[in-house]
Amino acid sequence: WLGNSYTYFNDLPSMVAAMLMAAGVVNGPADGDNPKPEVIRHAQVTPGGERFCGHAANPKAIEMLARVWDVVVLQDNSGVPGGASKNAYKASLKALQEDLAPLTTRSAHCILYSTWGHLHGSVYEKQRAAYPDYLIMQRLTTAGCEAYFHLLSELRSQNDNALRTSLAPVGDAFLIIYEEGCFG
């Protein structure tokens, strides 16, 4: 799982593994690499605020991503996909295309984790003009994540049509909760 604080502070990889195990999903047959198939193996590189270009430059992230996994999850910084900084967005696209996507082809399934906008617009002063409120930030972030997803799907299918690529529309789920008035 490559991500940032949205993933780390909730220990999302462990939470997902626990839910899979509770549902009876196991991690394949016992073998030298997996002596306990009842345990879902997972790993994460999730430093706070990290972007795709930071992961692409991080040897720990590259090493983890280069391993063979059943599923790989990629998450960019929430302020980047919406394009508040064109340079940051271009850097993420470049890192996804040139560094991260090629490494995901060793894994059967890659999930792009679409993030959500900040409740009152960006918490970062430099992004406030682009993301003045939640709805604008959410709309732009979703559009950017969808562009990432289409790029990632295309790149992975060029390597092997059997590779699955999915978009986890987490930001859209937050939008539903927001529209129902569950946030202040």
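All values below were derived from every heavy atom in this structure, side-chain atoms included, with hydrogens, water molecules and symmetry-related copies excluded. Remember, predicted model here, so these are calculated numbers, not experimental data.
Within a 6.0 Å radius of CD in E63, no more than 12 heavy atoms belonging to other residues, nucleotides or ligands are found.
A donor-acceptor pair is defined here as one N or O able to donate and one able to accept, closer than 3.5 Å; no such pair exists between the side chain of N10 and the backbone of L12. Listed for the Y134 side chain is no donor-acceptor partner under 3.5 Å among the backbone atoms of W116. A donor-acceptor contact shorter than 3.5 Å links the side chain of R106 to the backbone of A66. The backbone N or O of A108 lies less than 3.5 Å from a partner atom in the side chain of R156, making a donor-acceptor pair.
The cluster map of Ile, Leu, Val, Met, Phe, Trp and Tyr, joined by side-chain heavy atoms under 4.5 Å apart, puts L163 and L112 in different clusters. No continuous path of ILVMFWY side-chain contacts below 4.5 Å connects Y131 to V123, so the two sit in separate hydrophobic clusters. Transitive grouping of hydrophobic side chains (ILVMFWY, heavy atoms separated by less than 4.5 Å) keeps F174 and V80 in distinct clusters. A single hydrophobic cluster is not seen to contain both L100 and Y113; linkage of ILVMFWY side chains at heavy-atom distances under 4.5 Å, directly or through other members, places them apart. Under the 4.5 Å side-chain contact rule for hydrophobic residues, M21 and V73 share a cluster.
Separating the OH atom in Y6 from the CD atom in E50 is a distance of 15.0 Å, to the nearest 0.5 Å. The line from CD of Q158 to OG1 of T105 is 11.5 Å long, rounded to the nearest 0.5 Å. Of the inter-residue distances, the one linking L103 atom CG with L2 atom CG reads 9.5 Å to the nearest 0.5 angstrom. The CH2 atom of W69 sits 8.5 Å away from atom NE2 of H42, with the distance rounded to the nearest 0.5 Å. One distance of note links SG of C53 with CG of L93; it measures 10.5 Å at 0.5 Å rounding. Residue D133 holds its CG atom at 11.5 Å from OG of S122, rounded to the nearest 0.5 Å.
With contacts defined as side-chain heavy-atom distances shorter than 4.5 Å, the pair T165/F149 qualifies. For the pair L74/L65, a side-chain contact is recorded, criterion being any heavy-atom separation below 4.5 Å from C-beta on.
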Next item on the list: Output, in order, the C-alpha distance, side-chain angles, deciding distance and verdict of side chain to side chain contact (heavy atoms under 4.5 Å, CB included) for T46 and F9.
Entry: CA-CA 9 Å; T46 54; F9 282 108; over 6 Å; no

**Item:** CA sep, side-chain torsions, deciding dist, call: H109, S166, side chain to side chain contact (heavy atoms under 4.5 Å, CB included)
**Value:** CA-CA 8 Å; H109 192 172; S166 301; 2.7 Å; yes

ring-ring contact (aromatic ring centres under 6.0 Å, His included) assessment of Y148 paired with F52
CA-CA 11 Å; Y148 288 166; F52 283 159; 5.2 Å; yes

Residues T142, Q138; criterion side-chain hydrogen bond (donor to acceptor under 3.5 Å, both in side chains); working and verdict: CA-CA 6 Å; T142 295; Q138 183 56 51; 2.7 Å; yes

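Nearest heavy atoms, C145 versus S114: CB-OG, 3.4 Å. Nearest heavy-atom pair, Y8 versus Q44, reported as atom, atom and distance to 0.1 Å: CD1-NE2, 4.0 Å. Scanning both residues, T141 and S78, for their nearest heavy atoms gives OG1-O, 3.5 Å. Annotation for P13 and T7: closest pair CD-CG2, 3.5 Å, computed over non-hydrogen atoms. Minimum interatomic distance between D76 and S92 (heavy atoms only, all atoms of both residues): OD2-OG, 2.9 Å. Annotation for V72 and T104: closest pair CG1-CG2, 4.3 Å, computed over non-hydrogen atoms.
Every side chain to side chain donor-acceptor pair (under 3.5 Å) that R128 has, sequence neighbours left out, goes to E125.
In summary, of the residues considered (H55, Q75, R51), a side chain to side chain donor-acceptor pair (under 3.5 Å) with N4 occurs for Q75 alone.
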